[in-house]
Structures are given as C-alpha cells and as structure tokens.
Amino acid sequence: MVAPGAVLATRQFRKSLWKLATKLDGILCFQRCQMETTKILEYLLSSGIVLNAASHGIIEIVELCLHRFPELMWDDKFPKDLMKEVVNRRHVELFRLVNAYNRMPKVSNDIFTNRDLMEAVVKCPPRYVSTDVSGAAFLMQRELQWYKVLQDMSDPSFKSLKFKVVEDKSDPTFKNLKLKQIKERRGKTYLEVGKTYWEIFVEQHQDLLKDAGQWMKDTSSSCSLVATLIITVAFASAFTVPGGNDGSTGIPIFLKKGSFVVFVVADALALFSSVTATLMFLAILTSRYAIEDFCHSLPRKMILGLTFLFLSLAFMLVAFGSALTIVLSERFKWIYIPITLLAAFPVILFAILQLPLYVDMVKSTYRPRLFHPLKLSK
C-alpha cells in the first residue's frame, strides 16, 4: 500500500493547485470582460494550456477552462486531442470530466478517434502507482477497467480487428506503439491477420501482470500467517477460560459474569473470522492468476480476506480486554476504562493509516469511478 505521507503530500499539492486555479479564474473573468471570447478561445487552443494541464493531471485548471469556455468542446480537434491525452496518462477524474462536458459527441461518434483511444489504452502506462491504488494488483485492475470502458465506447466490430504491432523505440519508457491493420488475401477474399486489441493489451501488460501476481502472493502469504496465529490463540483460549472451571462440574467459574459472556462471544467470532480469512487467502494463493481474474475475482477475495482479518484482530482485542476485566475487576473496579482505551488505540491507529486506502480498494472493485459519469455543478 502507499505510504500515508504520500497521501498527505498529495492533498497539500491539491490545495496549492486549487489556489492557483482560483487565481486563474479571476484572470479569465477579467480577460473575458476586456477581450472578445473568440480571441481567448484561440489563445487557449493554440497555447496548449489545457492539454498540458490534462497531461499532468491538473483537473482544477481543465475544469475551470471548460466551465468558463464550454465552446472549447465545439472545436473539431481539441476534444479528440484532450481525450487522447487523458487516456494516455490514465487520469480517471479527467476522463469523467471530459465525458461530462462532451455534450456534442464528437469523440464518441468518431470511429477514427475511438481507434486512437483503443491504441492508447492497450499500451502499458508509465511505471507509477497512484495514491489511490493499493499495490500492483489493483493497478492491473485499473488497467482492465480502462480497457473495458473504452471498449464499451467503441464500435463492437473493433473486437475482431487485427493489427501488426510496430514499437516506436524513440520513447521506450512509455512504450509508444503503432498498430497497423493488415489483411491477407486468399483467393477472392481478404482475411485479417495479426493480433486483436485484447491480445495486444495482454502482451503489453505482461510485466505488470507478473508484478500483480507477486504482490497478491506476498500479501496473501503474510496475511494468512497472521490469521493462522489468531486461530491458534483463539482456539487455545476457548479451552483455557479466565478463572478456570469448577473441578466437579467443569462449568466455568465466572459463567454468570457479563464480561465472561463478552469474552466467549468475542473469542468465537475471532476464531470464525480468522478461519474465513485464511480460506480466502488460500483461495488467492491457489488461483491461476489469469489477467481476467484481476478485474473482479482476485480483488474481491483479497477484500474479503482483509475484512475478516481485521475483524478477527478486533474481536481478539475485545476478548483479551474482557479477560483482563474478569481477572482484575474484583480488585480494581475502574480497570475496564484503561483497558477499553488501550484496546481502542490499535483500531484508531489502523483507521488513520490504512482505512482510506482500504475504502479506495473497495470502491475500485465494487463501484469503479470510470463507469460512473461525473455530475457537473450548476
């Protein structure tokens, strides 16, 4: 997962960009009063300010320009270039923004532009991990989502098209590829030869697929080890209850205490949750790791495994706290207060450090933003 410091730095950077966009908004309003709208539009189109902002993922400036000058999307070339830049750099929020402002469907109805977008999405992006992506596996998931959403926007016949891949070695870091459609003549008919968009996508993402599989294996192995330890502790605690049992009847001595009931329930839930988590991680470790599995199957198993692992840790803390309360409450009536505070500390620490990334992981799997249009403020 991404370090919390990186998330904080990104938030501070976004605040600075918002201040810059606010100043730019004032300048555009002033210029619109002093100059004709056509001249400002010509300047924005010719200077490349919006395209450069889109290339660097500065959504504040792009949104400001499109909001103040929606006429930009009426241009014949600008919407296509903007969408290509967004897809090339994999900016999710900018993609949703451009689609929201694309009221005149120049991009969606242009077959040549859609082919350009499909060529852009099959390329492997620059090797970076966004702050909202929890590891290589979920970066692979994001790439699959990009491919699916652009495939849905394109003509259905694109699935059967085949191309020859020509790699542009002038920019090896970005893996800029050129796809050339080839047909082979046999008799009086032409047969398409080469590779489909999907086959090229799989081929270009082999390195990322390998990293994603390794990330899944390492994470599952580490988490299953923790879950196994919790199983061992919870199982042993069930037969060594605090206070012991009555020698003649075998009934626990503190059976009638409310804290004892809390201990038993929490210990049982910790055991069941850790067993479920272990099964989820074992299912991941024994998976085939096909590229299609990283879209739904593996992320869902990972989320379920982590969820039950977190629950088992929380239930284990509750069981431990209730056991201490049972043993020490006779002498220290106030002991439950520090025990509750100490037990809550790990939970609060986890919520601060990892919960935002965990929520993004869940949203990316069950409600990906790419498939939901952005609602513009009136």
Side-chain angles (χ1 to χ4, degrees), residues 14 17-18 20-123 125-126 130 145-147 149-155 158 168 170-171 174 176-179 197 369-378:
R14 285 296 175 191
L17 288 177
W18 180 253
L20 178 62
T22 304
K23 294 181 180 179
L24 181 60
D25 187 18
I27 295 174
L28 289 176
C29 291
F30 177 77
Q31 291 295 335
R32 191 161 194 169
C33 296
Q34 301 294 323
M35 299 172 59
E36 295 181 2
T37 303
T38 54
K39 293 183 179 180
I40 301 177
L41 288 173
E42 289 177 2
Y43 173 75
L44 291 176
L45 291 172
S46 60
S47 62
I49 292 177
V50 184
L51 293 178
N52 288 332
S55 177
H56 292 85
I58 308 175
I59 187 173
E60 291 83 2
I61 294 179
V62 178
E63 183 178 12
L64 174 62
C65 293
L66 293 181
H67 176 70
R68 290 293 181 186
F69 302 96
E71 299 92 341
L72 289 169
M73 299 301 292
W74 301 350
D75 187 74
D76 290 332
K77 185 180 178 183
F78 175 79
K80 304 173 186 178
D81 293 341
L82 181 60
M83 184 63 81
K84 289 180 197 175
E85 198 65 41
V86 170
V87 175
N88 274 327
R89 299 297 175 180
R90 304 295 198 270
H91 297 307
V92 177
E93 296 303 322
L94 277 173
F95 178 80
R96 299 173 66 206
L97 178 69
V98 174
N99 276 331
Y101 276 99
N102 187 32
R103 298 184 178 94
M104 298 181 67
K106 290 181 176 295
V107 175
S108 58
N109 291 341
D110 193 326
I111 187 171
F112 295 104
T113 303
N114 283 338
R115 286 186 59 170
D116 291 340
L117 296 181
M118 288 300 297
E119 291 182 12
V121 80
V122 298
K123 305 169 187 175
S130 303
Q145 291 171 352
W146 272 105
Y147 180 86
V149 72
L150 289 177
Q151 186 184 59
D152 294 341
M153 290 173 55
S154 303
D155 192 280
F158 283 12
D168 185 4
S170 62
D171 189 11
F174 192 70
N176 190 19
L177 303 177
K178 295 180 180 179
L179 306 184
Y197 281 125
R369 292 173 297 172
L370 274 170
F371 296 93
H372 296 86
L374 188 67
K375 295 182 180 179
L376 299 176
S377 58
K378 296 182 181 180

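Sequential numbering from 1 along the given sequence is applied to the chain's residues.
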Checklist entry - Between atom CG of L370 and atom CG of D152, what is the distance when rounded to the nearest 0.5 Å? => result 11.0 Å

Next on the checklist: Let me confirm one number: the CD-CD1 distance from E63 to I58, rounded to the nearest 0.5 Å.
Outcome noted: 13.5 Å

Item to check | Rounded distance [0.5 Å steps], NZ in K84 versus CG in L117 | outcome: 7.5 Å

Checklist entry - Ignoring hydrogens and geometry, is there a side-chain-to-backbone donor-acceptor pair from R369 to V92 under 3.5 Å? => result no

Checklist outcome for this item: For E93 and I59 the tightest heavy-atom approach is CB-CD1, 3.5 Å

Next on the checklist: For the CD atom of E85 and the NE2 atom of H56, what is their distance to the nearest 0.5 Å?
Outcome noted: 9.0 Å

Checklist entry - Between H372 and R96, which heavy-atom pair has the shortest distance, and what is it? => result O-NE, 2.8 Å

Checklist entry - Roughly how far, to the nearest 0.5 Å, is CG of L82 from CG of L94? => result 7.5 Å

Next on the checklist: As an exercise, state the distance from OH of Y197 to CZ of R115, rounded to the nearest 0.5 Å.
Outcome noted: 5.0 Å

Item to check | Closest approach of L45 to L72 (non-hydrogen atoms, all atoms of both residues) | outcome: CD2-CD2, 3.7 Å

Next on the checklist: To check you understand the geometry: which heavy-atom pair defines the closest contact between L66 and Y101, and what is its length?
Outcome noted: O-CE2, 3.6 Å

Checklist entry - Taking C-beta and beyond as the side chain, do R90 and F95 meet within less than 4.5 Å on heavy atoms? => result no

Checklist entry - Do you know the tightest heavy-atom contact between V62 and V50? => result CG2-O, 3.9 Å

Next on the checklist: Quick check: do V98 and M73 have side-chain heavy atoms less than 4.5 Å from each other?
Outcome noted: yes

